[in-house]
Visitor: 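Please read through the structure below; I'll follow up with questions.
The chain is numbered in sequence order, starting from 1.
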Amino acid sequence: MRLQDKFGSSFQRQKYADIDSAGHALKVYLPTRKEMLELEGKIKNPPDALLEQEYTKLVDTFEKLYKINKTVEVERKDDDIVVEGRSLKEASRFKAQEIMREIALINLVGFEEGQELFALSYEDISEAFSPAQIKHLTELIEKAVNPDYKEVEKN
């Protein structure tokens with residue numbers, strides 16, 4: 001039995017939400033549960049190239065700072081550096097997941113069914129927006145995709 005049969009012929013899933021970002025009206029695609037699970041899977045498992053890129057950036061930054069301040073506790077392993085008990089590999093994984101989350105959410109703007117969910121790359125996005133703008137836009141999209149109870153009650 002389909003959900004439409006339970007709710008009646010007039011039932012239609014809401015596919016888009018409108019948000020306002022800096023005076024621009026944007027249409028955000030509201031993914032189905034299946035699509036959301038797919039997005040979450042890609043966010044949790046970033047590509048190896050992105051993980052390596054973020055790890056390299058983090059290690060380079062650490063090495064520069066460590067030359068200045070050698071008072072921190074450092075443990076060098078074969079494939080990782082642990083600073084004050086925190087793994088740089090793990091920190092780079094969190095950063096890569098955040099990037100993947102931003103890519104996934106921004107790709108929902110203007111998305112049409114049948115398109116690739118990760119069509120825009122982070123480079124495409126960061127050419128158009130500053131990091132602060134990306135963060136603000138992803139917050140607006142997140143709120144549209146996952147509204148809290150108060151937002152749902154308004155509608």
Visitor: Please examine the side chains of Y122 and L50, heavy atoms only from C-beta on, and report whether any two atoms are closer than 4.5 Å.
Guide: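 No - every pair of side-chain heavy atoms lies 4.5 Å or more apart.
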Visitor: Could you pull out the closest heavy-atom pair between E75 and K77, with the gap in Å?
Guide: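 Closest heavy-atom pair between E75 and K77: OE2-CE, 3.2 Å.
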Visitor: Hey, does the side chain of D124 reach the backbone of L120 with a donor-acceptor pair shorter than 3.5 angstrom?
Guide: no
Visitor: Looking at A144 and L30, what are the two nearest heavy atoms and their distance?
Guide: O-CD2, 3.4 Å
Visitor: Measuring only between side-chain heavy atoms, which start at C-beta, is K42 closer than 4.5 Å to P47?
Guide: no
Visitor: Which residues satisfy the side-chain contact (heavy atoms from CB on, under 4.5 Å) test with E63, sequence neighbours excluded?
Guide: V59, R76, I81
Visitor: Would you say E35's side chain and T32's backbone share a donor-acceptor pair under 3.5 angstrom?
Guide: yes
Visitor: Are the side chains of R33 and L37 in contact, using a 4.5 Å heavy-atom criterion?
Guide: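 Sidechains of R33 and L37: in contact.
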Visitor: May I ask you to decide if the ring planes of Y29 and Y16 are parallel, tilted or perpendicular, using 30° and 60° as cut-offs?
Guide: perpendicular
Visitor: Flag the pair K57 and E54 as a salt bridge only when some basic side-chain nitrogen lies within less than 4.0 angstrom of an acidic carboxylate oxygen.
Guide: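 So K57 pairs with E54 through a salt bridge.
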Visitor: Does the side chain of L140 come within less than 4.5 Å of K143's, by heavy atoms?
Guide: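 K143 vs L140: side chains apart.
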Visitor: To the closest 0.5 Å, what do you measure between CD (Q133) and OG1 (T138)?
Guide: 11.5 Å
Visitor: So, taking the atom named NZ in K64 and the one named CG in D60, what distance separates them when rounded to the nearest 0.5 Å?
Guide: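 Reported to 0.5 Å precision, the distance equals 6.0 Å.
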Visitor: Could you tell me the separation between the CG atom of L105 and the CG atom of L39, rounded to the nearest 0.5 Å?
Guide: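 Between atom CG of L105 and atom CG of L39 there are 8.0 Å.
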Visitor: Check this for me: does any side-chain nitrogen of one of E98 and K95 sit under 4.0 Å from a carboxylate oxygen of the other?
Guide: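 No, this pair does not count.
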Visitor: I need the minimum non-hydrogen distance between S21 and L26, along with the two atoms involved.
Guide: CB-CD1, 3.9 Å
Visitor: Do you know the tightest heavy-atom contact between I125 and E102?
Guide: CD1-O, 4.5 Å
Visitor: To the nearest 0.5 Å, what is the distance between CZ on R101 and CD1 on I43?
Guide: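 Rounded to the nearest 0.5 Å, the CZ-CD1 separation comes to 7.5 Å.
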Visitor: Side chains of D18 and V28: does their closest heavy-atom pair fall under 4.5 Å?
Guide: no
Visitor: Sequence neighbours excluded, which residues qualify as salt bridge (charged side-chain N to carboxylate O under 4.0 Å, His left out) partners of K44?
Guide: none
Visitor: Under the criterion side chain to side chain contact (heavy atoms under 4.5 Å, CB included), I'd like the reasoning laid out for L51 against K89: C-alpha separation, chi angles, the key distance, then a yes or no.
Guide: CA-CA 8 Å; L51 288 170; K89 272 232 193 273; over 6 Å; no
Visitor: How long is the gap from CD1 on I99 to CZ on F94, to the nearest 0.5 Å?
Guide: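 I99 CD1 to F94 CZ: 14.0 Å, rounded to 0.5 Å.
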Visitor: Taking ring pair (Phe, Tyr, Trp, His ring centres under 6.0 Å) as the definition, give me every residue that meets it alongside F118, ordered by chain and number, with sequence neighbours left out.
Guide: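 In terms of ring pair (Phe, Tyr, Trp, His ring centres under 6.0 Å), with neighbours along the sequence ignored, F118 is linked to no residue.
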Visitor: Using every non-hydrogen atom in the two residues, find where S126 and I134 come nearest and quote the distance to one decimal.
Guide: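 Heavy atoms of S126 and I134 come nearest at CA-CD1, 4.1 Å.
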Visitor: Is E139 close to K135 at the side-chain level, that is, under 4.5 Å between some pair of heavy atoms?
Guide: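 Yes; the side chains approach each other to less than 4.5 Å.
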Visitor: Please test V82 against L88 for side chain to side chain contact (heavy atoms under 4.5 Å, CB included), starting from the C-alpha separation and ending with a verdict.
Guide: CA-CA 6 Å; V82 179; L88 292 188; over 6 Å; no
Visitor: Quick check: do P31 and L108 have side-chain heavy atoms less than 4.5 Å from each other?
Guide: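 Side chain of P31 against side chain of L108, heavy atoms only: contact under 4.5 Å found.
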Visitor: For E40 and M36, run side chain to side chain contact (heavy atoms under 4.5 Å, CB included): C-alpha distance rounded to whole Å, both residues' side-chain angles, the deciding distance at 0.1 Å, then the answer.
Guide: CA-CA 6 Å; E40 288 172 4; M36 201 63 191; 3.9 Å; yes
Visitor: On a heavy-atom basis, which atom in L58 and which in S92 lie closest, and how many Å separate them?
Guide: CD2-N, 3.8 Å
